[in-house]
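A short write-up of the structure that comes next.
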Number of protein chains: 2
Amino acid sequence: VLPKPAIAQGLPEIKWRMASSFPKSLPALFGGADFLCQRVAALTDNRFQIRPFAGGEIVPPLAVLDAVQNGTVELGHSTPYYYVGKDPTFGFGSTMPFGFNERQQMAWMRQGGGLELHNELLKGYNTLGFPAGNTGAQMGGWFRKEIKTPEDLKGLKMRIAGIAGNVLAKLGGVPQQIGGSDIYPALEKGTIDATEWVGPYDDEKLGFYKVAKYYYYPGWWEGNAMIWTNVNRDKWNELPPSYQAALETASYDAYSWVLSKYDTENPLALRRLVANGAQLRPFSREILQAAYKASFEVYDEFAAKNALFKKTYESWKAFRDTEYLWFQVAEHSFESFVYSQRTAEVRAKK
Amino acid sequence: VLPKPAIAQGLPEIKWRMASSFPKSLPALFGGADFLCQRVAALTDNRFQIRPFAGGEIVPPLAVLDAVQNGTVELGHSTPYYYVGKDPTFGFGSTMPFGFNERQQMAWMRQGGGLELHNELLKGYNTLGFPAGNTGAQMGGWFRKEIKTPEDLKGLKMRIAGIAGNVLAKLGGVPQQIGGSDIYPALEKGTIDATEWVGPYDDEKLGFYKVAKYYYYPGWWEGNAMIWTNVNRDKWNELPPSYQAALETASYDAYSWVLSKYDTENPLALRRLVANGAQLRPFSREILQAAYKASFEVYDEFAAKNALFKKTYESWKAFRDTEYLWFQVAEHSFESFVYSQRTAEVRAKK
């Protein structure tokens with residue numbers, strides 16, 4: 001054991017601000033930002049201090065990327081598909097309709113070239129990023145009326161995020177971009193007919209079940225949704241290498257923390273929601289197939305106009321095809337069996 | 001930016017040895033140990049250096065826990081069910097037959113009390129641990145003959161790990177504990193009739209398809225399998241807090257790295273194996289149901305004799321029931337739909 005004061009003396013005390021897109025009322029999402037900042041502090045003997053700010057505290061929830069790009073804050077905590085208005089290629093960073101489940105998304109990012117492609121996009125905004133959370137597969141959201149066929153989507157005004165808005169529009173719906181806290185009043189007044197947010201744990205906190213009782217699944221546009229740490233490139237380059245490592249490693253640790261938080265809380269919230277009158281409904285196969293067709297048409301349209309979208313889409317699509325092959329074999333057959341056994345046991349008890 | 005030499009000067013240079021249970025020939029498992037050690041070095045400006053040793057280099061693969069307990073090495077890289085001979089409660093740390101998928105296992109560990117229970121067990125061996133990798137759902141392994149009914153398991157000599165050995169014995173099979181490198185010759189000579197290891201990526205490297213062509217799925221005894229970092233408690237207590245944080249955070253980062261490596265490589269290996277003559281076979285529902293029943297009988301028997309097993313089992317069972325409810329809704333319905341679409345597309349192309 002030999003002290004090495006020469007190197008350690010060089011490690012500076014740094015204070016950064018992190019702008020999150022998410023409100024403090026959502027303990028998995030904003031809690032993930034908090035967890036990450038605490039980890040970085042613990043890794044650096046409290047010398048690299050990052051303070052997380054909730055959506056709206058420094059900048060609006062959907063303006064986090066801009067704030068990081070122009071250096072208003074050193075880093076952000078957000079999800080890329082909030083920025084599909086700038087470039088649809090951002091969608092791949094979060095999730096794409098009928099795309100990956102959570103494990104497939106992470107495998108593509110870490111080992112399949114996805115991270116490099118996403119950082120190629122982010123470079124144009126003077127930022128870089130790391131995965132820092134995931135919600136898992138989301139619910140299809142809350143509807144004031146039952147939706148049985150693709151016809152029922154025509155004219156439907158729905159708050160929906162990312163590329164899924166383009167798909168809904170192709171099916172005749174009217175997608176709306178509305179920030180988290182403004183959704184409930186819009187749904188209550190009937191300004192919108194439906195909304196999706198995340199899943200039981202978050203949706204319960206936002207109270208949607210009180211004004212739209214039909215709760216559809218699955219969220220075919222979000223087989224997973226990835227949260228990211230985004231860092232301003234100039235600020236990143238000023239960091240000592242061990243602080244860069246702390247930020248990156250803590251992001252992956254926070255990723256696991258957020259996901260496990262959702263996986264633990266969602267079932268408990270789902271039980272409470274159903275007890276409070278939520279009516280669970282699966283989307284019909286007819287709706288899923290119409291949306292599936294529309295999704296791939298949307299992708300082809302973007303790919304024809306946008307070279308980076310095309311390049312990213314081709315990587316994504318090839319990886320998806322391979323992953324589906326494998327996950328069908330061991331994972332899906334294991335789960336199909338154990339879930340069917342559970343259903344049989346629950347029925348037998350009744 | 002203010003330097004703080006007083007604290008940083010106190011950070012010592014520390015060199016540790018890590019004994020892994022896994023051979024260098026398996027780049028996801030041993031690669032995970034390597035990745036973890038590199039991360040810890042990067043986080044500490046190379047002051048905390050851990051050198052990973054493959055199974056057999058310092059101690060035999062299945063003696064890693066003992067080596068950590070008695071301080072031969074400071075830490076280990078292994079999977080708990082290798083030690084079910086000491087106490088069946090170790091099984092919960094890796095996986096249990098008909099138990100969790102990967103996400104459910106991690107949720108139970110990080111947010112459902114599993115980690116605390118596992119560390120209660122480890123305390124009796126003067127160690128503590130962190131999740132540091134996962135294989136995902138495994139395959140059911142390689143059989144020299146087709147297995148169609150539970151009758152076909154009677155007298156079957158099979159290399160199988162963990163509590164699954166007890167289940168196989170209850171079904172009339174003859175479980176064998178054999179280290180990785182000794183399996184192939186045993187299978188070739190017919191000393192055993194079947195073996196399981198992990199999944200396509202690792203199994204291909206060990207060559208089993210050359211001597212047993214029937215490749216069954218799913219590995220009902222391993223819906224996931226968790227790899228751990230295990231640390232000697234006395235050594236842990238000597239670490240500065242930031243080095244403790246580095247080891248813990250790097251373990252979760254390595255966890256994600258290992259899992260994404262498997263998820264990326266398994267489908268490619270599966271294609272090659274099938275091209276080389278492997279015959280994919282699903283276990284029949286009759287076999288799965290017999291094994292399911294036998295598994296819960298085994299759990300009840302252990303619970304009747306072992307208080308910590310009982311306490312851990314009750315936590316595990318309650319968490320499992322809740323997780324299955326939720327995963328059936330959004331995750332499983334999303335995956336069932338997209339996989340069925342892929343199958344239809346592949347058929348349409350033929």
Side-chain angles (χ1 to χ4, degrees), chain A residues 1-5 7-9 11-14 39 42-43 45 47 98 101 103 106-107 110-112 137-139 199 217-219 223 242 245-246 249-250 252-253 256-257 260-261 263-264 266-267 270 282 288 292 322-326 328-335 337-339 341-342, chain B residues 1-5 7-9 11-14 39 42-43 45 47 98 101 103 106-107 110-112 137-139 199 217-219 223 242 245-246 249-250 252-253 256-257 260-261 263-264 266-267 270 282 288 292 322-326 328-335 337-339 341-342:
Chain A
V1 177
L2 299 166
K4 252 196 182 176
I7 289 171
Q9 271 181 345
L11 292 178
E13 186 169 294
I14 292 180
R39 273 289 176 200
L43 287 166
D45 257 322
R47 297 164 76 82
F98 300 104
N101 71 9
R103 292 232 324 250
M106 182 55 106
R110 286 202 93 156
Q111 317 260 359
Q138 299 196 2
M139 291 293 283
Y217 66 90
S242 63
T249 304
Y252 285 107
D253 189 0
S256 157
W257 186 91
S260 59
K261 179 82 175 161
D263 287 343
T264 303
N266 271 329
L270 183 64
L288 291 175
Y292 189 93
T322 309
E323 289 297 285
Y324 280 16
L325 163 76
W326 163 237
Q328 269 184 284
V329 179
E331 294 284 343
H332 199 66
S333 68
F334 176 84
E335 293 184 45
F337 177 76
V338 293
Y339 299 157
Q341 286 295 111
R342 181 188 177 276
Chain B
V1 177
L2 299 166
K4 252 196 183 176
I7 289 172
Q9 269 181 347
L11 292 178
E13 186 169 293
I14 292 179
R39 273 289 176 202
L43 287 165
D45 256 322
R47 297 165 74 80
F98 299 104
N101 71 9
R103 292 232 324 251
M106 182 56 106
R110 285 203 94 156
Q111 318 258 1
Q138 298 196 3
M139 291 291 282
Y217 65 92
S242 63
T249 304
Y252 285 108
D253 189 0
S256 157
W257 185 91
S260 59
K261 179 80 175 164
D263 287 344
T264 302
N266 272 329
L270 183 63
L288 291 175
Y292 189 92
T322 309
E323 290 296 285
Y324 279 17
L325 163 77
W326 162 238
Q328 269 183 283
V329 179
E331 294 285 341
H332 200 65
S333 68
F334 175 84
E335 292 185 47
F337 177 75
V338 292
Y339 298 158
Q341 286 295 112
R342 180 188 178 277

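Values reported hereafter were calculated over all heavy atoms of this structure, with side chains retained and with hydrogens, waters and symmetry mates removed. Because the structure is a prediction, the values reported are computed rather than measured. Chain naming here is simple, since letters A, B, ... match the order of the sequence lines and numbering starts at 1 in each.
A/Arg110 and B/Asp253 are joined by a salt bridge, as a carboxylate oxygen and a charged side-chain nitrogen come within less than 4.0 angstrom of each other.
Chain B forms more heavy-atom pairs under 4.5 Å with one residue of A/Tyr252, A/Trp257, A/Trp326 than with any other, namely A/Trp326. Per-residue counts of heavy-atom pairs under 4.5 Å with chain A were compared for B/Gly112, B/Ala245, B/Gly199, B/Ala250; the largest is that of B/Ala245.
For A/Glu331, the salt bridge (Lys or Arg N to Asp or Glu O under 4.0 Å) test picks out A/Arg103, with sequence neighbours left out. Legend: residues meeting ring-ring contact (aromatic ring centres under 6.0 Å, His included) with A/Phe98, ordered by chain and number and at least two apart, are A/Trp220, A/Tyr292, B/Phe337.
The backbone N or O of B/Ala330 lies less than 3.5 Å from no partner atom in the side chain of A/Gln138, so there is not a single donor-acceptor pair.
Here CG of B/Leu270 is found 5.5 Å from CG of A/Leu325. Values are rounded to the nearest 0.5 Å. Between the OG atom in A/Ser260 and the CE atom in B/Met106 there is a gap of 7.0 Å [rounded to 0.5 Å]. B/Leu11 CG to A/Asp45 CG: the interatomic distance, rounded to the nearest 0.5 Å, is 5.0 Å.
If you measure heavy-atom distances from B/Leu288 to chain A, the contacts under 4.5 Å come from both the backbone and the side chain.
Looking at B/Met139 and A/Val329, their side chains come closer than 4.5 Å, going by heavy atoms from C-beta outward. With contacts defined as side-chain heavy-atom distances shorter than 4.5 Å, the pair A/Tyr324/B/Glu335 does not qualify.
Looking at every heavy atom in both residues, A/Phe334 comes nearest to B/Gly219 through CD1-O, 4.1 Å. The minimum heavy-atom distance between A/Glu323 and B/Asp263, with the atom names listed, is OE2-O, 2.6 Å.
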